[in-house]
Structures are given as C-alpha cells and as structure tokens.
Amino acid sequence: MLTPRKVKHRKWHRAHVRGTASQRIDLSFGDYGLKATTGAWITARQIEAARRAMTRFVQRGGKIWIRIFPHTPVTIKGGEVRMGGGKGAVDHFIAEVKPGTVLFEIAGINKDQAEEAMRLAAHKLPVRTRFLSKI
C-alpha cells in the first residue's frame with residue numbers, strides 16, 4: 001500500500017476538495033487514462049484495489065502509471081470515546097483528488113483492453129470517471 005516515507009507534520013488539518021485541477025490534467029506517460037470528473041478523497045487502499053484490478057485484467061501486458069499519491073494523513077479517534085483528550089491517532093492516508101485529475105495511465109495494450117481495465121479500476125474508486133485516449 002502507498003504511504004509517504006516521511007511527513008512534515010504527523011497530524012494535519014482536514015483536507016478540502018475545492019475547485020478544479022490545474023495539474024495532472026493531460027496524459028503524460030501512457031496512451032490511455034482514467035480521469036476524475038468529480039472530486040473526493042481517495043484512500044491508499046482504494047488506489048491499491050484499483051491497481052490490482054487493472055493489473056489482474058491485463059496479465060503482464062502493458063505498463064501502468066499511478067498519477068496520484070496519498071500524502072495526507074487522516075486521524076480518527078476510537079469508537080465510544082468521550083469528547084476531549086486531544087486529536088486522534090493517524091489512521092490512514094488519502095489523496096485529495098480534484099475534478100479533472102488523471103488518476104491512472106496505461107500503455108502497451110489495445111483500446112478495448114485498456115477501456116475494460118479502466119472500467120474495473122473505476123468501480124473501486126469513490127469518484128466518477130471518464131476514459132481518455134491519445135490514439
């Protein structure tokens with residue numbers, strides 16, 4: 001699973017998805033891609049599930065690029081804990097995805113295979129997506 005090696009601060013303020021993406025909006029590496037049309041938090045587990053779904057489908061064919069990384073820590077206090085006592089412990093990491101961000105790219109396979117692989121990956125994610133093609 002993806003986690004940062006080191007973070008500047010252990011506990012961060014809550015992330016907000018505001019506006020549209022200005023970076024990572026075009027295909028840079030592969031011939032086909034998956035672009036988010038809505039914004040959301042995507043957890044490291046969801047990214048890994050999507051990556052596994054794509055990798056299993058292409059079976060050694062093609063190359064996959066993950067264009068997002070979960071940098072932001074999310075804290076959670078335990079269940080049935082009273083108010084106070086400070087901020088909870090870091091539970092997981094998220095990638096703050098804005099509408100228009102390219103999430104995954106793939107190359108080395110035909111369009112039908114790429115479209116199906118991206119469809120399988122999209123089912124694992126909490127955002128609405130669109131299939132992109134360079135060719």
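Remember, it's a predicted structure, so these values are computed and weren't measured experimentally. Positions are given from 1, in the same order as the sequence printed here.
A continuous path of Ile, Leu, Val, Met, Phe, Trp and Tyr side chains, each step under 4.5 Å between heavy atoms, connects Phe104 with Phe57, placing both in one hydrophobic cluster.
Counting heavy atoms from C-beta outward, Tyr32 and Phe131 have side chains that approach closer than 4.5 Å. Side-chain contact between Leu34 and Leu125 is present, with at least one heavy-atom pair separated by less than 4.5 Å. Annotation: side chain of Glu105 is in contact with side chain of Ser28 (closest heavy-atom distance under 4.5 Å). Looking at heavy atoms from C-beta onward, Arg14 lies in side-chain contact with Trp41 at the 4.5 angstrom threshold. Considering only heavy atoms from C-beta on, Pro73 comes within 4.5 Å of Val90 through its side chain. Proximity of Ile68 to Val97: side-chain heavy atoms (C-beta onward) are separated by under 4.5 Å at one or more points. Residues Phe93 and Pro4 are in side-chain contact: their nearest non-hydrogen atoms beyond the backbone lie under 4.5 Å apart. With contacts defined as side-chain heavy-atom distances shorter than 4.5 Å, the pair Glu96/Ile42 does not qualify.
Scanning all heavy atoms of the two residues, the minimum distance from Ala114 to Ile106 falls at CB-CG2, 3.9 Å. The heavy-atom pair separating Val58 from Ala117 by the smallest distance is CG1-CB, 4.2 Å. Nearest heavy-atom pair, Ala36 versus Val127, reported as atom, atom and distance to 0.1 Å: CB-CG2, 4.1 Å. Taking both residues in full, the closest heavy atoms of Pro126 and Ala40 are given as O-CB, 4.3 Å, listed atom of the first, atom of the second, then distance. What you find for Pro99 and Gly39 is that their closest heavy atoms are CG-N, 3.7 Å. What you find for Ala21 and Gly100 is that their closest heavy atoms are CB-C, 4.0 Å.
Atom CD in Gln113 sits 12.0 Å away from atom CE in Met54 (nearest 0.5 Å). A distance of 5.0 Å separates CZ of Phe29 from CZ of Arg67, quoted to the nearest 0.5 Å. Between the CZ atom in Phe69 and the CD1 atom in Ile47 there is a gap of 8.5 Å [rounded to 0.5 Å]. A distance of 10.0 Å separates CG of Leu27 from CD1 of Ile135, quoted to the nearest 0.5 Å. Here the straight-line distance linking atom CD of Gln46 with atom CG of Leu2 works out to 12.5 Å at 0.5 Å rounding. Atom CG in Leu132 sits 9.5 Å away from atom CG in Leu103 (nearest 0.5 Å).
Enclosure of atom NZ in Lys87 by more than 12 non-hydrogen atoms of other residues, nucleotides or ligands within 6.0 angstrom is indicated. A 6.0 Å sphere centred on CZ of Arg51 holds more than 12 heavy atoms belonging to other residues, nucleotides or ligands. Residue Lys111 places its NZ atom among 12 or fewer non-hydrogen atoms of other residues, nucleotides or ligands, all under 6.0 Å distant.
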- Evaluate the side-chain contact (heavy atoms from CB on, under 4.5 Å) criterion for residues Lys98 and Thr20: first the C-alpha distance (whole Å), next the side-chain angles of each, then the deciding distance (0.1 Å), finally the verdict. CA-CA 5 Å; Lys98 293 182 175 185; Thr20 56; 5.7 Å; no
- Message: Checking Arg45 against His92 for the side-chain contact (heavy atoms from CB on, under 4.5 Å) test, could you report, in this order, the C-alpha distance in whole Å, the side-chain angles of both residues, the deciding distance, and whether it holds?
- Response: CA-CA 9 Å; Arg45 284 172 181 259; His92 60 278; over 6 Å; no
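For residues 119-135, every residue pair satisfying the side chain to side chain donor-acceptor pair (under 3.5 Å) rule, not counting sequence neighbours, is listed here: Glu116-Arg119, Arg119-His123.
Every side-chain contact (heavy atoms from CB on, under 4.5 Å) that Arg52 has, sequence neighbours left out, goes to Glu48. Considering only residues two or more places apart in sequence or on other chains, Arg24 meets the salt bridge (Lys or Arg N to Asp or Glu O under 4.0 Å) condition with none of them.
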